[in-house]
Engineer: 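Got a structure here, written out as structure tokens. Questions coming.
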4 protein chains.
Amino acid sequence: MPLSDAQVQKMKQKRETILEQAIQMFAEHGYNDTTIAKVAKASGVSFGSVFTYFENKDQLFYAAVVEPLRVYAKELLDFDSNAEDTVAELRKMVTAHIKIFSSFETYLRLVVQVIGYHNRFAEPFAELDAFHNTFRGKIGELVKKGQEQGQLQVRDANYAATAYTSLLIGLRVNLTDSPDSQMWEKFVPFAMQLFGPKGE
Amino acid sequence: MPLSDAQVQKMKQKRETILEQAIQMFAEHGYNDTTIAKVAKASGVSFGSVFTYFENKDQLFYAAVVEPLRVYAKELLDFDSNAEDTVAELRKMVTAHIKIFSSFETYLRLVVQVIGYHNRFAEPFAELDAFHNTFRGKIGELVKKGQEQGQLQVRDANYAATAYTSLLIGLRVNLTDSPDSQMWEKFVPFAMQLFGPKGE
Amino acid sequence: MPLSDAQVQKMKQKRETILEQAIQMFAEHGYNDTTIAKVAKASGVSFGSVFTYFENKDQLFYAAVVEPLRVYAKELLDFDSNAEDTVAELRKMVTAHIKIFSSFETYLRLVVQVIGYHNRFAEPFAELDAFHNTFRGKIGELVKKGQEQGQLQVRDANYAATAYTSLLIGLRVNLTDSPDSQMWEKFVPFAMQLFGPKGE
Amino acid sequence: MPLSDAQVQKMKQKRETILEQAIQMFAEHGYNDTTIAKVAKASGVSFGSVFTYFENKDQLFYAAVVEPLRVYAKELLDFDSNAEDTVAELRKMVTAHIKIFSSFETYLRLVVQVIGYHNRFAEPFAELDAFHNTFRGKIGELVKKGQEQGQLQVRDANYAATAYTSLLIGLRVNLTDSPDSQMWEKFVPFAMQLFGPKGE
DNA sequence: TATGAATGAGGATTCATTCAT
DNA sequence: TATGAATGAATCCTCATTCAT
């Protein structure tokens, strides 16, 4: 007996709710202090149901880390590594990234944990690491282009990209309780400096 | 009957061993996956003995975070915020910091965890936060001086300091498995850029 | 999906079994020497299940003390404080009480422990104390009535009631291993004396 | 090297202090919640020293129960079972007993526990039981004499004695927090009734 | 599919007791 | 004799996971 469309919809919705609550709680209280029972309660389902949608706690954690990544990845990679005016594109990119990071508080807490315990969380870490490489790579390309055009001082573009992503994650770690995006914006010029724009 | 000096020494040594093992394991496997039994075994003592030296697991964790801080704090603050040649002092400072951070792998993993779950680890977090403020403050002073002397471009010195400490921590997070200090050194010029040195 | 009636019945039965075993063991071996594991084993359930029915050991103890009280209270208060023939009613009451106390061995051991450590067992003690006051009060009323009617010598009715309940509990303490109800019956006339019946 | 008298005195004193503290704490908090460490601390000695004076915790408990008994036994048996005026002697005895029991709060809490868990505390219980039999026996003799003299109504003297000791212990249990000896005195006439004095 | 009772492995902690100093 | 560090058995409790309904 196939499920009706309405039923499929309802189930999707339920899965979504559980995942959102899980992200919230994993980020806030960590893996161990987040119990399946608490997630279930916060989601308004029985804890048995959590196992209907996620094989086990590790899978739930994996999904909590990896699924948002797909969304955020797109936003973070939304810049043109072939742009003509490299510096302008970089500035647009940095501004967008800063804005995204300032609003990511919950999710990035999760990311930091995964990185911190990458032995324990090998699988989600692999995904994050893969994205990080893609991310750095694309930024590196843009930087390289800017250097070739003479708009940026010549330095190792990959290191510049790594310094840049490190600054982003470091700010997120340090400004733990500062959702105030105005303050975040102040860091745009500092981030730009890492790329060595000429005449600034 | 007071303990003999030899006794006292032996106890100090034992406490030290336990703490070192605890730091290692907390950093590697996190708070929850580090059991007292494992720490005891790694330290070559019975688990009951751990409780002789540390009131409970939370206190052990606290000590693991806070005691090394006292040592590292001194190293990290070892620069002159009144130096005449600001840029030279900054470069020396940055080089030293990069070196220190490159060797901190274990301890900084711990730090990242504490920051990530600062709700859970409120007390050690408070200590880290206090140090961070001192650290940023002293760097900010040096930057301010450089700006007054005209050696640095004028920007908000506190934000510069925050960007700098963020870069350091972000590098540590991103370069999780890179104890290679040669690679770390490459980041010195990028860090310097955050302070806006003129004519570089 | 609500539980079926049969399920609910089974659970009630299981809870009952656990509680009975707990009463038995708490009475026999005391709070500390009664482990959850032993109670579980005696009840034929896993020890995890005990926590399904009782929040923790203290709650189990509380239930073990308070739930039987509801039953016994009714039996003990089953006399008429407005009876016409006071002495006859008192004799009936005393006979009933003696019989009840003679059969209470297990439960009263528990009661004695709670009273003995009323600091430690504050909550169950409060319940017992409340019942004791009700019990004494009702007896006192009957005694007062008898005195007004001239059937009993005039003494403080409340002290008489306290002396009576003390005798009951004292007998239970002293005759620890005497379930022999024939012997208990012999104490009826002594108990009656406390009320000062005229012409006996 | 024999110990000096002063040293022997000091040790006796220390043992005494430990025992007093132990009685206090066993009575107040029970066997299990009274730790050797706490007793040692309250006594101003190291917990190792407790083991110098008492073989182990059980022996300490045994001493706490049995040693005071030797003192109290003498007081409780201080009446003349051959007295000419039986009723007067009984009244004197009851008055003395009530007074003693009213002041025994701590010790009798201990006694009640031993009786309550006589399986667990078999050895101290045996001592208490032996004393109880002696105590009842001597009272029984006096009662028997009074009956022979026609001063008391004829009833089973042993049951009367048991009823009497039960009333004493029951009062002690019930009046847990009433050190007020004035109130206790009110129970003298009730206790007397148990012996069936003629013409009262 | 949804529920929640049942299970038991795992872990922090307490504390009597031993024993070296 | 006095001390207190060392030990590890014992116990409460949590929680992921299974499975009958």
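Quick caveat, the model's predicted, so the values are computed rather than measured. Below, chain A is the first sequence line, B the second, and so on; all start at residue 1.
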Engineer: Pick the closest DNA chain E nucleotide for C:G44 and for A:S46 by heavy atoms, then say which residue is nearer the 5' end.
Structural biologist: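 The residue whose closest nucleotide sits nearer the 5' end is A:S46.
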Engineer: Partner lookup for E:dT18, please. Criteria are Watson-Crick or G-U wobble with both distances under 3.5 angstrom; report none if nothing qualifies.
Structural biologist: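 Partner of E:dT18: F:dA5.
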Engineer: I need the C:Q59 CD to C:E123 CD distance, nearest 0.5 Å.
Structural biologist: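 Rounded to the nearest 0.5 Å, the CD-CD separation comes out at 7.0 Å.
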Engineer: For F:dA10, which nucleotide is its Watson-Crick or G-U wobble mate, given both distances must be under 3.5 Å?
Structural biologist: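 Check on F:dA10: paired to E:dT13, both distances under 3.5 Å.
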Engineer: Counting C-beta onward and ignoring hydrogens, is there a side-chain heavy-atom pair between D:Q113 and D:R120 closer than 4.5 Å?
Structural biologist: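 Not touching, per the 4.5 Å side-chain cut-off.
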Engineer: Atom CD of A:Q7 and atom C1' of E:dA2: how far apart are they, to the nearest Å?
Structural biologist: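 In whole Å, E:dA2 C1' and A:Q7 CD are 11 Å from each other.
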Engineer: Can you tell me which nucleotide in E:dT17, F:dC12, F:dT3 comes closest to the side chain of D:V45?
Structural biologist: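 The answer is F:dT3, which lies nearest to the side chain.
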Engineer: More 5' along DNA chain F: B:T52 or C:D58, using each one's nearest nucleotide?
Structural biologist: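 Its nearest nucleotide being more 5', the pick is B:T52.
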Engineer: Can you tell me how far C1' of E:dT7 sits from CZ of A:F47, to the nearest Å?
Structural biologist: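 After rounding, the reported distance stands at 11 Å.
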Engineer: Tell me the interatomic distance from D:M25, atom CE, to E:dC15, atom P, rounded to whole angstroms.
Structural biologist: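 Computing the D:M25:CE to E:dC15:P distance gives 11 Å.
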Engineer: Between C:F121 and C:Y31, does the ring centre distance come in under 6.0 Å?
Structural biologist: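 Yes, close enough.
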Engineer: Closer than 4.0 Å, any side-chain N/O of D:Y53 to the OP1 or OP2 of F:dT1?
Structural biologist: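 No.
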Engineer: Which is true for D:K14 with a 4.0 Å heavy-atom rule: it touches a base, it touches only sugar-phosphate, or it touches nothing?
Structural biologist: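 Answer is sugar-phosphate: D:K14 comes under 4.0 Å of backbone atoms only.
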Engineer: Just call it for D:S49: base, sugar-phosphate, or nothing, with non-hydrogen atoms closer than 4.0 Å on any strand.
Structural biologist: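 Base: the residue D:S49, judged by heavy atoms under 4.0 Å, touches a nucleobase.
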Engineer: Between A:F61 and A:F26, what is the ring plane arrangement, given parallel below 30°, perpendicular above 60°, and tilted in between?
Structural biologist: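 If you compare the ring of A:F61 with that of A:F26, the planes turn out perpendicular.
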Engineer: Do any side-chain nitrogens or oxygens of C:K10 fall under 4.0 Å of OP1 or OP2 in F:dT21?
Structural biologist: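 Answer is no, no contact under 4.0 Å.
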Engineer: Toward the 5' end of DNA chain F, which comes first, C:A37 or B:G48, by nearest nucleotide?
Structural biologist: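 In this pair, the answer is B:G48.
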Engineer: Rounded to whole Å, please give me the gap between NZ in A:K38 and C1' in F:dT14.
Structural biologist: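 Taking NZ of A:K38 and C1' of F:dT14, I get 10 Å after rounding.
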Engineer: Between C:Y107 and C:V65 (side chain of the first, backbone of the second, donor and acceptor by atom type, cut-off under 3.5 Å), is there such a pair?
Structural biologist: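 Between the backbone of C:V65 and the side chain of C:Y107 there is a qualifying donor-acceptor contact (under 3.5 Å).
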